[in-house]
Amino acid sequence: MILYLSIIIGAGIIIAIFNALFAGFDISTLAVFGIVALAIIVSIALDGLAGIIVRLIPSKKFNPFCKYFGERKNERKIYERLKIRKWKDIIPEMGKTLKFFDKTKIGDKPTAQHIYMFLVETCYAEVMHEFGLIFGMFLLVILPFKYLLTISLPILIVNEFLQLLPIFVQRYNRPKLAIAYKRLKRQEEAKQNIDEKGENYKE
């Protein structure tokens, strides 16, 4: 979260300075910074609204094995070209911050159920950020039109970039988690069958 805020605030400062120097608005420099700050606040609020709406959707709607959340052809190659393994761990993890589900660690002895919850949470996170991509566009019509090209659009671009990165991370991690889930589930079912046979034998 701190990284996200640092990037968007840093970008906001740059955008504000550019507008104060070159945009030619008939307002004070302080007012320009105020408008940029307002744009950032609105952008963050829209992200929050997207998150709230997605969290209202029942978890049963987020089947990690459905086609929508599945890996597309050559998708992993794209992420590898983006060197995702080098930066994926610095992407803010909001599940832990907001007390939903901590996706930063699985634990020493995870169960299949825990891995499945993890998979569902990646689906929640992906859709949340996809909604963020859509909701963020409302910034273009919330602020006055004269600020569209030099304030609203640049802030939107930064926000959209920050929404895309977590989507990439969820889609990159999910296939490996799915394999781990299926393997654990098979092991647990095999152990359960052995235990049941043992109980039947005792009887």
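Hydrogens, waters and symmetry mates are skipped; everything else that's a heavy atom, side chains included, is used. Everything numeric here is computed off the predicted structure, so don't read it as measured data.
Side-chain contact between Ile157 and Glu160: absent, with no pair of heavy atoms (C-beta onward) separated by less than 4.5 Å. When side chains are defined from C-beta on, Pro110 counts as touching Leu184, because their heavy atoms get closer than 4.5 Å. A 4.5 Å side-chain heavy-atom check between Asn173 and Thr122 finds every atom pair outside the cut-off. Within the 4.5 Å cutoff, the side chain of Asn159 has heavy atoms near those of the Tyr4 side chain. Side-chain atoms of Arg76 and Lys176, non-hydrogen and from C-beta on, do get closer than 4.5 Å to each other. At a threshold of 4.5 Å between non-hydrogen side-chain atoms, the residues Gln163 and Asp47 count as touching. Contact annotation: the side chain of Ile44 approaches that of Leu5 to within less than 4.5 Å [non-hydrogen atoms, C-beta and beyond]. Residues Val120 and Tyr124 form a side-chain contact, since some pair of their non-hydrogen atoms from C-beta on lies under 4.5 Å apart.
Checking side-chain atoms of Arg171 against main-chain N and O of Gly70 turns up a donor-acceptor pair under 3.5 Å. Between the side chain of Trp87 and the main chain of Leu82, a donor-acceptor pair closer than 3.5 Å is present. Panel note: side chain Glu188, backbone Ala112; a donor-acceptor pair is recorded below 3.5 Å.
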Candidate pair Tyr68 and Glu126, rule side chain to side chain contact (heavy atoms under 4.5 Å, CB included), full reasoning:
CA-CA 11 Å; Tyr68 183 80; Glu126 179 180 333; 4.1 Å; yes
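Residues Phe25 and Ile151 share a closest heavy-atom pair of CE1-CD1, 4.2 Å. The nearest pair of heavy atoms linking Phe69 to Pro64 is CB-O, 3.9 Å. Across every non-hydrogen atom of Ile40 and Gly12, the tightest pair is CD1-CA, 3.8 Å. Here the closest non-hydrogen pair linking Ala20 and Thr29 is CB-CG2, 3.8 Å. The heavy-atom pair separating Pro154 from Leu148 by the smallest distance is CD-O, 4.2 Å. In this structure, Leu139 and Leu46 approach most closely via the heavy-atom pair N-CD1, 3.8 Å.
Under the 30°/60° scheme for interplanar angles, the aromatic rings of Phe131 and Phe135 are found to lie parallel.
A single hydrophobic cluster is not seen to contain both Met137 and Ile15; linkage of ILVMFWY side chains at heavy-atom distances under 4.5 Å, directly or through other members, places them apart. Both Val36 and Ile17 sit in one connected hydrophobic cluster of ILVMFWY residues. Membership requires side-chain heavy atoms under 4.5 Å apart, directly or through other members.
A donor-acceptor contact under 3.5 angstrom links the side chains of Glu80 and Tyr172, judged on distance only.
Centroid-to-centroid, the aromatic rings of Tyr181 and Phe118 stay 6.0 Å apart or farther.
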